[in-house]
Amino acid sequence: MKQSRMLIPTLRKAPSDAEALSHKMMVRAGYIYQVSAGLWAYLPLAQRVIDKIENLIRQEVNKAGGVETTMPGLLPADPWKKTRRFYTYGDNLFRLKDRRKRDMLLGPTHEETYTQIIRDTVKSYKKLPLLLYQIQDKFRDEDRPRYGLLRTKEFIMYDGYSFTIDRAGLDKEYDAQAKAYRAIFDKMGLNYKVIYADSGTIGGTGSQEFSAPAPIGEDTIVYTDGGYAANLEKATSKFTGKQQVAEEQELTKKATPGAHSVDEAAESLGLDASQIVKSMLYMASKDGEDKPEPVMVLMRGNDEVNETKVANEVDADDLRLASDDEIAKLLNGAHAGSLGPVGVGENVTILADNYVKVLVNMAMGANEDGYHYVNANIDRDFRVDKFGDFRNVQEGEIAPDGMPIKFTNGIEIGHIFKLGTLYSQILGAQVLNDQGRATDVVMGCYGIGVSRLLSAVVEQNADENGLVWPTSIAPFDIHVIPVNVKKDEQMSLATSITEELEKAGYDVLIDDRKERAGVKFADSDLIGIPLRVTVGKKASDGIVELKLRRTGETIEVKKEEIVNTVGILLKQAANDEQSKQSSNE
RNA sequence: CGGGAUUUAGCUCAGCUUGGUAGAGCGCUUCGUUCGGGACGAAGAGGUCGCACGUUCGAAUCGUGUAAUCCCGACCA
């Protein structure tokens with residue numbers, strides 16, 4: 001491929017509004033062009049990377065029994081109304097009407113559509129299992145698109161859906177997808193972590209999230225060197241609290257003027273935050289029920305409430321902090337900042353973290369602005385309905401695997417999920433089983449953020465000169481650079497080398513532009529093709545220079561040896577990329 | 001949803017305080033020299049200063065509104 005026929009608008013400087021490394025680099029290197037906030041054009045180089053990633057996915061998913069399909073991006077709202085997601089999905093769903101005023105939407109995911117197809121076309125368990133997938137644009141009206149391709153309003157996604165007659169079948173499909181995902185990400189040379197999650201609240205019985213550590217990642221990954229990995233929402237640590245031993249003192253109300261936070265109260269009372277109990281008032285509600293139930297959560301002042309754990313405990317679909325009005329109404333006109341469990345009525349469920357259980361003579365808000373209680377004790381002064389783990393783990397604590405916990409940011413690149421029969425029940429996707437009885441089809445759903453993968457890979461593979469693509473998904477394998485295109489011996493050698501390498505099956509880009517060497521080298525580094533072939537002064541002797549982008553390693557070879565040497569170098573580079581990854585997981 | 005910032009040439013920015021209808025560097029075009037790590041010289045092209053309304057004889061500049069873009073935060077009582 002001639003570079004003069006490509007559109008590669010490289011820039012000396014990154015646009016001033018780019019923040020993330022991958023965002024800046026991909027714009028500078030001429031891969032992507034921003035059309036609008038959260039909407040990106042993939043220029044020729046990005047398109048080639050995307051094609052390679054997609055083909056890698058196809059390869060591995062097909063191996064796992066997947067078959068490719070394509071759904072419309074524009075969808076009728078009716079099935080989404082049946083599953084209620086038309087109403088519950090929130091503002092991220094693009095809703096629109098067609099000319100007959102029929103409600104439509106732009107698909108953010110396709111559970112309904114695939115379930116509908118299976119419902120109408122598969123009537124017998126003998127036709128199962130099936131794993132249907134597509135690689136296609138998805139639409140989500142993100143509140144805040146950011147970081148280049150990381151969070152956008154339209155993005156490319158692999159989404160697969162498995163249909164089986166029973167749970168055992170689902171487990172097989174799920175495991176096959178997990179295996180395929182690992183193969184895909186391994187081949188891409190990505191560093192990633194697999195996060196296992198227990199059953200979610202909505203009909204699922206298991207999920208794994210694949211997350212690539214990177215500074216701009218929006219997940220907090222809790223992990224250990226022993227292999228433990230979890231979301232902050234799900235992470236647990238060993239309880240290390242010790243029962244405090246002290247004589248119970250008299251409950252006393254103290255003035256703490258102006259103290260609204262734990263730190264302010266701690267200062268005012270001369271106590272450590274860990275001896276202060278903060279009390280958070282939440283409103284918990286379930287789907288389809290209007291009246292939320294108040295839940296008070298007690299926590300050491302230096303801990304953070306984990307709302308997922310609280311929601312699970314009270315079996316709530318929605319959990320939110322109580323509004324000022326609600327607090328005032330339930331707690332005698334008190335305001336946030338001075339809440340506490342003393343004297344709280346039976347209508348409020350009181351949960352307390354395990355670490356509160358071991359405290360004696362604790363301080364807490366008095367439900368009266370400007371006052372805190374000190375020397376409060378459980379049972380004697382206030383009621384606790386249930387103790388449990390309701391806090392976020394902290395770095396350095398001991399994980400369930402016995403190793404110290406570390407935190408890192410991660411980019412969610414893939415997710416697999418055991419859906420169960422939720423959608424098939426609602427949409428009526430049933431087949432006859434071997435007993436001749438109608439049975440709900442058991443589903444799993446699987447997703448990979450394809451366009452987001454570019455960001456993840458670039459975040460992990462770039463240096464100050466530009467991108468450094470892994471060989472498996474680089475837009476080209478080899479960048480041939482005739483240093484001076486006006487010198488016939490250089491140009492003709494470069495051309496013949498390009499043809500030879502292309503014949504050998506490589507993707508080759510030849511820089512046939514009438515640019516000076518410095519410009520070509522700088523652009524080449526920026527673009528990040530794994531191997532560069534420089535055809536320069538020694539062209540007349542039939543000698544060229546090979547240079548690896550990642551290591552900078554350079555060797556001179558005779559033209560007769562190029563194809564052979566290139567093969568060795570690229571294979572070695574691919575091995576290095578994959579071993580780098582496996583040592584990391 | 002809350003807060004902050006920005007918007008002038010393809011990119012990075014200056015000019016605005018003290019109104020007089022626009023500049024630099026890079027990039028782009030042409031010619032010449034140069035030619036293995038972002039060359040040099042000469043001559044050019046390119047902008048209704050985000051948009052609207054207002055103030056004024058006159059607005060990139062002052063006022064009001066609006067839009068777009070980016071960043072931060074989203075309740076820890």
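Computation of the quantities below employed the complete heavy-atom set of this structure, encompassing side-chain atoms and omitting hydrogens, waters and symmetry-equivalent molecules. Proteins get letters first, then strands, A, B, ... in listed order; numbering begins at 1 in each.
Taking atom CG of A:N92 as the reference point, atom P of B:rC1 lies 13 Å away to the nearest angstrom. Separating the NZ atom of A:K24 from the C1' atom of B:rU69 is a distance of 16 Å, rounded to the nearest angstrom. Following rounding to the nearest Å, A:I276 (CD1) and B:rC76 (C1') show an atom-to-atom distance of 13 Å. A straight line from CG of A:L150 to P of B:rC70 spans 13 Å, rounded to a whole angstrom. The separation between A:M280 atom CE and B:rC75 atom C1' is 7 Å, rounded to whole Å. Rounded to an integer number of Å, the gap from A:I216 CD1 to B:rC72 P is 11 Å. In this structure, the CG atom of A:L7 is 16 Å from the P atom of B:rG10, given to the nearest Å. One can place CZ of A:R320 at 16 Å from P of B:rC76, the figure rounded to the nearest angstrom.
Base engagement by A:S279 is indicated by at least one non-hydrogen atom pair under 4.0 Å involving a base atom. Heavy atoms of A:V297 sit nowhere under 4.0 angstrom from any nucleic acid atom. A:I481 comes within 4.0 angstrom of no nucleic acid atom, judged by non-hydrogen atoms across all strands. A:R144 comes within contact range of at least one nucleobase, with a heavy-atom separation under 4.0 Å. Backbone-only contact: A:Y147 has heavy atoms under 4.0 Å from sugar-phosphate atoms and none from a base.
Rounded to whole Å, the separation between the P atoms of B:rA9 and B:rG23 comes to 14 Å. Nucleotides B:rG36 and B:rC31, compared at atom C1', are 26 Å apart to the nearest Å. Taking atom C1' on both B:rU8 and B:rC51, the two are 14 Å apart, rounded to the nearest angstrom. With both ends at atom C1', the span from B:rC40 to B:rG4 equals 45 Å, rounded to whole Å. The separation of B:rG44 from B:rA5, taken at their P atoms, amounts to 43 Å, rounded to a whole angstrom. Taking the P atoms as reference points, B:rU61 lies 37 Å from B:rA74, given to the whole Å. Nucleotides B:rU7 and B:rC16 have their C1' atoms positioned 14 Å apart, rounded to a whole Å. To the nearest whole angstrom, the two P atoms, one in B:rG47 and one in B:rA68, are 26 Å apart.
For the salt bridge (Lys or Arg N to Asp or Glu O under 4.0 Å) condition, the pairs that include at least one residue of residues 350-371 of chain A, sequence neighbours left out, are A:K253-A:E368. Contacts classified as salt bridge (Lys or Arg N to Asp or Glu O under 4.0 Å) and involving residues 33-48 of chain A (residues at least two apart or in different chains) are given here: A:R48-A:D507.
For residues 366-382 of chain A, proximity to RNA chain B is found at no residue, defined as any non-hydrogen atom under 4.0 angstrom from a strand atom.
Under a 4.0 Å N-O distance rule, the pair A:K520/A:E515 does not qualify as a salt bridge. Looking at A:E397 and A:R391, a side-chain N of the basic residue comes within less than 4.0 Å of a carboxylate O on the acidic one, giving a salt bridge. Taking 4.0 Å as the cut-off between side-chain N and carboxylate O, A:R140 and A:E154 do not count as a salt-bridged pair. Using a cut-off of 4.0 Å between Lys/Arg side-chain N and Asp/Glu carboxylate O, A:K386 and A:E313 are scored as salt-bridged. By the 4.0 Å N-to-carboxylate-O rule, A:D385 lies close enough to A:R383 to be salt-bridged with it. Of the charged side-chain nitrogens involved, at least one lies within less than 4.0 Å of a carboxylate oxygen, so that A:R151 and A:E218 count as a salt-bridged pair. Taking the charged nitrogens against the carboxylate oxygens, A:K538 and A:E556 do have a contact shorter than 4.0 Å, which makes a salt bridge. Using a 4.0 Å cut-off between charged side-chain N and carboxylate O, A:E326 and A:R320 make a salt bridge.
Using a 30° and 60° split on the angle between ring planes, A:Y31 and A:W469 fall in the tilted class, from 30° to 60°. Between A:Y355 and A:F239, the ring-plane angle classifies as tilted under the 30° and 60° cut-offs.
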Review item, nucleotides 12-14 of chain B N/O atoms under 3.5 Å of protein N/O:
from: B:rU12; atom 1: OP1; to: A:S16; atom 2: N; distance (Å): 2.6
from: B:rU12; atom 1: O2'; to: A:K13; atom 2: NZ; distance (Å): 3.1
from: B:rC13; atom 1: OP2; to: A:S16; atom 2: OG; distance (Å): 3.4

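Cation-pi geometry between A:R95 and A:F86 is satisfied (NZ or CZ under 6.0 Å from the ring centre, within 45° of the ring normal).
Taking for each of A:L339 and A:G148 the nucleotide of RNA chain B with the nearest heavy atom, the 5'-most of the two is the partner of A:G148.
Among the candidates A:V483, A:T554, A:V480, the single residue satisfying the side-chain contact (heavy atoms from CB on, under 4.5 Å) test with A:T534 is A:V483.
Taking a pair as Watson-Crick or G-U wobble with both distances under 3.5 Å, RNA chain B forms stems of 3 or more consecutive pairs at B:1-7 with B:67-73, B:10-13 with B:23-26, B:28-33 with B:39-44, B:50-54 with B:62-66.
No donor-acceptor contact under 3.5 Å links the side chain of A:D303 to the base of B:rC76.
Of the possible polar contacts, one joining the A:N484 side chain to the A:K486 backbone as a donor-acceptor pair under 3.5 Å is found. At least one donor-acceptor pair closer than 3.5 Å links the side chain of A:N461 to the backbone N or O of A:V457.
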(request) Encode nucleotides 31-39 of chain B as B, S and - characters from 5' to 3', where the letter depends on protein heavy atoms closer than 4.0 Å: B to the base, S only to sugar-phosphate, - to neither. (result) ---BBBBBB

